[in-house]
**Student:** 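Handing you a structure now.
Atoms within each ligand, like the ligands themselves, are counted from 1 in listed order.
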Amino acid sequence: MGESYNVAVIGAGTSGLLTARELQREGHRVTVFEKAHKVGGTWLYNSRVESDLLGVDPNREIVHSSLYRSLRTNLPRQAMSFLDYPFLKKQGGDDRRTFPGHEEVLRFLQDFARDFGLMELIRFRHEVVRVELVDELTHEWVVESRTGENESRWESKEEVFEAVVICNGNNTEPKVAEFPGRETWPGLQMHSHSYRIPELFENKIVVLIGSGPSAFDIVREISPLAKQVHQAIRSPGFLLNNLQNCDNLCQHSMIKCAHKDGKVEFQDGSVVDADAIIHCTGYKYHYPFLKSNGVVTVDGDHVGPLYKHVFPPSLAPWLSFVGLNCRAVLFRVMELQAKWVAKVLSGKAELPSQEAMACSVEKLYSELEKTGRSKQYTHRLQNGEVEYVSWLAAQSDTRLPRRWEEISYNTLAKRVLYYGENYRDTWDVEKWIQEIDSSD
Ligand code: FAD
């Protein structure tokens, strides 16, 4: 056993559960703070929506999950398995599909938490409201949490930990599209975070902004009910170019402006008299509880400086983030980040010097700048996924399955494009994996 610390984990979604398991395996004392009443994070579907459907009012009551009722995974279950805990089709289970519905992912995460004895580590209905370094020498962090049924009955508590791992998710704080007239446009505006069911758009003329996986699902779901759907896209995205059975769907360039009489004008010159605008425009990083004295900057599109997306160099290893990346096989990345954090804390994995870590972050920033990519790309792995995953596995001395690199964001995306809009039901993933396994 290496060194053992008293560690706080914020959040009991996928990344928090994986982190708790790895910390426990390394002999650390773990407390997980979870504001919900159950594990699962994003995968805990909530039919309730926020009072402000666009999610811009800072005083709105927050609903954590962004799932819609019909959501099925956009990765096959094999790509959402953990290294030693596969996401299997359960014998006699209700949903044995390769791309299951969200309930099945929740069941998997609940089983995982139970099978690794994580439930006892979690304090449910405990929302963290402050994380602050109080003593740099002894790396003492105060974690302030509140619990209770409602605001008037909240009980607050401050506790001291030697290390904190932030796993609060990054699909809750909506990023909305900005265009002239947005604030005074009279129709219904909603972010996909608050989209649950299509009925609200029956017989409506809808403008939908975005072309990612949520945009794809929502367009497909509302088109059969809506009068017309006008999609505003910057660049052709996730399969949306050749949707069938969507005769009332029309694609445009981005919105130029929205008028007080309800008209929406696109940059391509076309104008529609719309009833609703749905922003499928992604999310911002958001850590309202983190008081880092300016050491960690959060600007919505990126968090930094973070060595390899995990450790702020000057606070490492006592503060870390797990699960910040996108465009990757996320569960695998989170699992390896969690292993790395746990092993660094126990002294079994070594970090470079603070200066070397800061240099590595600077190198990433200058590469982004040189290639003209905005900060939005900081934590986007995609082409760098295989290299990053190999690197993470080496840090934690983890053996990856044979030919794992054949199942990456890019290879999966290619397959999805090949199989088209019904990829979830037409792609025989098991056969594809057998072919990968048997090829040499
Ligand atoms: P979350 O799941 O968001 O968990 C964070 C947890 O932290 C929550 O339980 C929350 O209650 C808690 N928390 C937050 N703040 C506090 C606080 N202050 N105090 C205490 N607790 C707090 N990924 C895939 O691999 N496959 C998919 O098919 C897929 N589909 C997706 C579809 C949608 C619509 C969305 C939004 C995301 C999808 N993802 C998918 C990505 C998904 O976000 C990740 O799979 C994963 O769930 C993220 O896990 P997480 O633990 O980092 O965050």
**Student:** Short list, please: which atoms of ligand 1 are under 4.0 Å from a heavy atom of S15?
**Tutor:** 50 (P), 51 (O), 52 (O)
**Student:** Hey, is M80 touching ligand 1 through its side chain, its backbone, both or neither, going by heavy atoms under 4.0 Å?
**Tutor:** side chain
**Student:** My understanding is that only one of W43, F87, F82 makes a ring pair (Phe, Tyr, Trp, His ring centres under 6.0 Å) with F112; could you say which?
**Tutor:** F82
**Student:** Where do T281 and V176 come nearest, in terms of heavy atoms and distance?
**Tutor:** OG1-CA, 3.8 Å
**Student:** Report the C-alpha distance between F161 and Y5 in whole Å, list the side-chain angles of each, state the deciding distance to 0.1 Å, and finish with yes or no for ring pair (Phe, Tyr, Trp, His ring centres under 6.0 Å).
**Tutor:** CA-CA 8 Å; F161 291 88; Y5 292 105; over 10 Å; no
**Student:** Tell me if the aromatic rings of Y423 and Y418 count as close, with their centers under 6.0 Å from one another.
**Tutor:** no
**Student:** Check for me whether R72 has a heavy atom closer than 4.0 Å to any atom of ligand 1.
**Tutor:** no
**Student:** Under 4.0 Å from a heavy atom of L71: which atoms of ligand 1 are those, numbered in the order shown and with their elements?
**Tutor:** 32 (C), 34 (C)
**Student:** If you count the atoms of ligand 1 from 1 in the order shown, which ones are under 4.0 Å from a heavy atom of T42?
**Tutor:** 1 (P), 2 (O), 3 (O), 43 (O), 47 (O)
**Student:** What are the atoms of ligand 1, with element, lying closer than 4.0 Å to any heavy atom of L75?
**Tutor:** 25 (O), 28 (O)
**Student:** Need the ligand 1 atom indices (1-based, order shown) with element for anything under 4.0 Å from a heavy-atom of T14.
**Tutor:** 46 (C), 47 (O), 49 (O), 51 (O)
**Student:** Tell me if the centroids of the rings in F311 and W340 come within less than 6.0 Å of each other.
**Tutor:** yes
**Student:** For the residue pair H309 / H379, report whether a side-chain donor-acceptor contact shorter than 3.5 Å exists.
**Tutor:** yes
**Student:** Under a 3.5 Å cutoff, is there a donor and acceptor pairing between the side chains of E50 and H193?
**Tutor:** yes
**Student:** Just heavy atoms, cut-off under 4.0 Å: does H64 contact ligand 1 by side chain, backbone, both, or neither?
**Tutor:** side chain
**Student:** Show me which atoms of ligand 1 lie under 4.0 Å from any heavy atom of M334.
**Tutor:** 46 (C), 48 (C), 49 (O), 52 (O)
**Student:** Which residue supplies the protein heavy atom nearest to atom 53 (O) of ligand 1, what is that atom called, and how far is it?
**Tutor:** G169 CA, 3.2 Å
**Student:** For the 3.5 Å polar cut-off, considering only N or O atoms, please tell me whether Y68 and ligand 1 meet it.
**Tutor:** no
**Student:** Please list the nearest protein heavy atom to atom 30 (N) of ligand 1 with its residue and the distance rounded to 0.1 Å.
**Tutor:** W43 CH2, 3.6 Å
**Student:** Strictly below 4.0 Å, N to O, side chains only: are E199 and K204 in salt-bridge contact?
**Tutor:** no
**Student:** For atom 27 (C) of ligand 1, what is the nearest protein heavy atom, given as residue, atom name and distance?
**Tutor:** N74 OD1, 3.4 Å
**Student:** Go through ligand 1 atom by atom and flag the ones less than 4.0 Å from a non-hydrogen atom of F289.
**Tutor:** 18 (N)
**Student:** When you compare ligand 1 with S66, is there at least one nitrogen or oxygen pair between them that comes in under 3.5 angstrom?
**Tutor:** no
**Student:** How are the rings of H139 and W318 set relative to one another: parallel (under 30°), tilted (30 to 60°) or perpendicular (over 60°)?
**Tutor:** parallel
**Student:** Please, which pairs that meet side-chain hydrogen bond (donor to acceptor under 3.5 Å, both in side chains) have at least one residue in residues 99-110, sequence neighbours excluded?
**Tutor:** R77-E104, E104-R107, R107-D111
**Student:** Flag the pair Y377 / H302 as yes when their ring centroid distance falls below 6.0 Å, and as no otherwise.
**Tutor:** no
**Student:** Restricting to pairs with a member in residues 316-329, which pass salt bridge (charged side-chain N to carboxylate O under 4.0 Å, His left out), not counting sequence neighbours?
**Tutor:** none
**Student:** For atom 9 (O) of ligand 1, grab the closest protein heavy atom and report residue, atom and distance to one decimal in Å.
**Tutor:** E34 OE1, 2.6 Å
**Student:** For the residue pair F99 and W427, does the interplanar ring angle fall in the parallel (under 30°), tilted (30 to 60°) or perpendicular (over 60°) class?
**Tutor:** tilted
**Student:** Provide, to 0.1 Å, the distance between atom 19 (N) of ligand 1 and the closest protein heavy atom, together with that atom's residue and name.
**Tutor:** V128 N, 2.9 Å
**Student:** Which residue and non-hydrogen atom of the protein lie closest to atom 21 (N) of ligand 1, and at what distance in Å?
**Tutor:** K35 N, 3.1 Å
**Student:** Taking heavy atoms and a distance under 4.0 Å, where does T73 meet ligand 1: side chain, backbone, both or neither?
**Tutor:** both
**Student:** Considering non-hydrogen atoms of the protein only, which is the closest contact for atom 45 (O) of ligand 1, and what is the distance?
**Tutor:** F331 CE1, 3.1 Å
**Student:** Can you tell which part of C167 has a heavy atom less than 4.0 Å from ligand 1: side chain, backbone, both or neither?
**Tutor:** backbone
**Student:** Only heavy atoms of G11, strictly under 4.0 Å: list the atoms of ligand 1 that pass.
**Tutor:** 6 (C), 7 (O), 12 (C)
**Student:** Is the shortest side-chain heavy-atom distance between V49 and V63 below 4.5 Å?
**Tutor:** no
**Student:** Which residue owns the protein heavy atom closest to atom 42 (C) of ligand 1, what's the atom, and how far is it?
**Tutor:** N171 OD1, 3.9 Å
**Student:** I'd like the name of whichever of V329, N168, L290 reaches closest to atom 5 (C) of ligand 1 through any heavy atom.
**Tutor:** N168
